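Worksheet: the structure to be examined is printed underneath.
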Number of protein chains: 2
Amino acid sequence: MPHPLLDRVATYITLAENEAQEFLQAFTENQVAKGEYLLQPGKVCQHIHFIAEGLVRHYHADEAGQEITCDFTPEGRFLTDLMSLRSGEPSQYAFIALESTHYYSIPRGPLEQLYAKYPAMETMGRQITEETALRISHQAQAFITQKAEDRYRNFVRQQPELVQRVPQKYVAAYLGIKPESLSRIRKQMMDAEKP
Amino acid sequence: MPHPLLDRVATYITLAENEAQEFLQAFTENQVAKGEYLLQPGKVCQHIHFIAEGLVRHYHADEAGQEITCDFTPEGRFLTDLMSLRSGEPSQYAFIALESTHYYSIPRGPLEQLYAKYPAMETMGRQITEETALRISHQAQAFITQKAEDRYRNFVRQQPELVQRVPQKYVAAYLGIKPESLSRIRKQMMDAEKP
DNA sequence: GCACGATCTTAACAATTGTCATCGTCCTTT
DNA sequence: AAAGGACGATGACAATTGTTAAGATCGTGC
């Protein structure tokens, strides 16, 4: 029987039926409504989550207490704060649902046990971490080399669904600009399209 | 006998003497002069490097063919392009020595063999990858939330040695601004200090 | 030592983005 | 239906950074 989490795992490694069951059983199944937290601000991140359905916004509060949206996780991707997970200290981030979200969670301890028992799973974990690092790295590149309009164009091109699903003020925060600036950029793009 | 690479490994895992020797023997020892490449542009990255002494600049060429400095690796840190290493495709990056650099390199194959033989080494590899991801993530955060002057202040505070060792035009590129802008920012900071 | 090129500084002006204030729309709640 | 609030659009002005050009300084090689 198909399962979104096992489908994703299958893209990395092949598990025997009993291994797949043991893997799944280490996870809990959860559901949050729009506006509810997967990780509350100031709490310790103790799980790795897999988003089966829905959309999550990552943010953190800077020194001035401002919310800074830094990423979105839609269905099909993993989600955690590696720093907090490893150190056990409170996370600097919060995860909040932009849509009703269905997800699976595994605590660090059981995950480490699976890693120890099945080295292939650790290999998978390392690959997922690497991919996350690459995603973040690519985003950082974009910030260094591109101006806001180019970042927005690329965001629209690379994740067109998200443009529809994410309120513009969060898109603006993700792009590192103010909502007014995003409005201005969108207008310029509209004007340029239809002279 | 102390060895910079084993010293670094010892901060993650404890190796038996024979394991340490097997680990070391999988590496080759290398030396490049200032201005020489550890990874030439357009080549496949086939190794993970450990910088024992020296300083390396990472850059990549964007669509317009411009060099974009994205990071520096001083002595004591690991260095690779995970994307190219994993895919076997040409790297989008180049690594070039800013100073005479002494380093150790291990190809992907032997590393994977070590991972398979000693799961603790894979654990270490995963941790190093996570740390790299966190470093990059933190840098991306800084770009989203801070203006250029703040990014420069933090760079000076966090890596004061590098400010001395890296030519300013590369610092500017790393900060995502033009050399002229960095000059202006430095002047403003000097003026503010000594009125 | 000298000359050359690379690097850094400085200044004026242009482009981009931020800030502030206002307005309209849509949605929710009553 | 009315009131209120969140969201987005718009415009004027300020702050930041880019662009261009010129000159100063430094190091390197001849």
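As the structure is a computational prediction, the values presented were derived from the model and not from experiment. When reading the values below, keep in mind they use all heavy atoms of this one structure, side chains included, and skip hydrogens, waters and symmetry mates. A note on names: the letters A, B, ... follow the listed sequences, proteins ahead of strands, and every chain is numbered from 1.
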On DNA chain D, more 5' by nearest nucleotide between Val166(A) and Lys34(B) is Val166(A)
Can you check the [X] [atom1] to [N] [atom2] distance for me, whole Å?
{"X": "Gln168(A)", "N": "dT10(D)", "atom1": "CD", "atom2": "P", "answer": "11 Å"}
{"X": "Lys187(A)", "N": "dA12(D)", "atom1": "NZ", "atom2": "C1'", "answer": "13 Å"}
{"X": "Ile185(A)", "N": "dT16(C)", "atom1": "CD1", "atom2": "P", "answer": "10 Å"}
{"X": "Arg184(A)", "N": "dG18(C)", "atom1": "CZ", "atom2": "P", "answer": "8 Å"}
{"X": "Glu180(B)", "N": "dG23(D)", "atom1": "CD", "atom2": "P", "answer": "16 Å"}
{"X": "Leu182(B)", "N": "dT9(C)", "atom1": "CG", "atom2": "P", "answer": "7 Å"}

Test item: side-chain donor near acceptor, [X] and [Y], under 3.5 Å:
{"X": "Asn154(A)", "Y": "Arg151(A)", "answer": "no"}
{"X": "Tyr174(B)", "Y": "Arg57(B)", "answer": "no"}
{"X": "Glu75(A)", "Y": "His102(A)", "answer": "no"}

Find every protein N or O atom lying less than 3.5 Å from an N or O atom of nucleotides 23-26 of chain C, and list the pairs.
none

**Study point:** Phosphate contact (dT16(C) OP1 or OP2) by Gln188(A) side-chain N/O below 4.0 Å
**Key:**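 Answer is no, no contact under 4.0 Å.
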Q | 5'-most by nearest nucleotide on DNA chain C - Ala148(A) or Arg186(B) | A |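 This one resolves to Arg186(B).
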- [ ] Report the residue (Lys147(A) or Ser181(B)) whose heavy-atom-nearest nucleotide on DNA chain C is the more 5′ of the two.
- [x]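 This one resolves to Ser181(B).
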Establish whether Leu55(B) and Leu175(B) are linked, either directly or via other cluster members, by ILVMFWY side-chain heavy-atom contacts under 4.5 Å.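 Leu55(B) and Leu175(B): one cluster.
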With clusters defined by side-chain heavy atoms of hydrophobic residues (ILVMFWY) lying less than 4.5 Å apart, directly or transitively, does Ile48(B) cluster with Leu5(B)?
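Yes; Ile48(B) is reachable from Leu5(B) via cluster members.
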Open item on the list: Under the criterion side chain to side chain donor-acceptor pair (under 3.5 Å), I'd like the reasoning laid out for Gln127(B) against Glu131(B): C-alpha separation, chi angles, the key distance, then a yes or no.
Closed with: CA-CA 6 Å; Gln127(B) 288 183 3; Glu131(B) 281 168 15; over 6 Å; no
- Query: Is it true that Arg184(B) and Glu180(B) make a salt bridge, defined as a side-chain N closer than 4.0 Å to a carboxylate O?
  - Reply: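 Between Glu180(B) and Arg184(B) there is no salt bridge, as every charged N stays at least 4.0 Å from the carboxylate O atoms.
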Worksheet item: Among residues 169-179 of chain A, which residues get a heavy atom nearer than 4.0 Å to DNA chain C?
Response: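 Hits under 4.0 Å, by residue number: Gly176(A), Ile177(A), Lys178(A).
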Next item on the list: Could you point out which residue of Glu36(B), Lys34(B), Gln31(B) forms a side chain to side chain donor-acceptor pair (under 3.5 Å) with Ser100(B)?
Entry: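 The single option meeting the side chain to side chain donor-acceptor pair (under 3.5 Å) with Ser100(B) is Gln31(B).
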Does Phe155(A) reach the side chain of Val163(A), with side-chain heavy atoms less than 4.5 Å apart?
->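 Yes, at least one pair of side-chain atoms sits under 4.5 Å.
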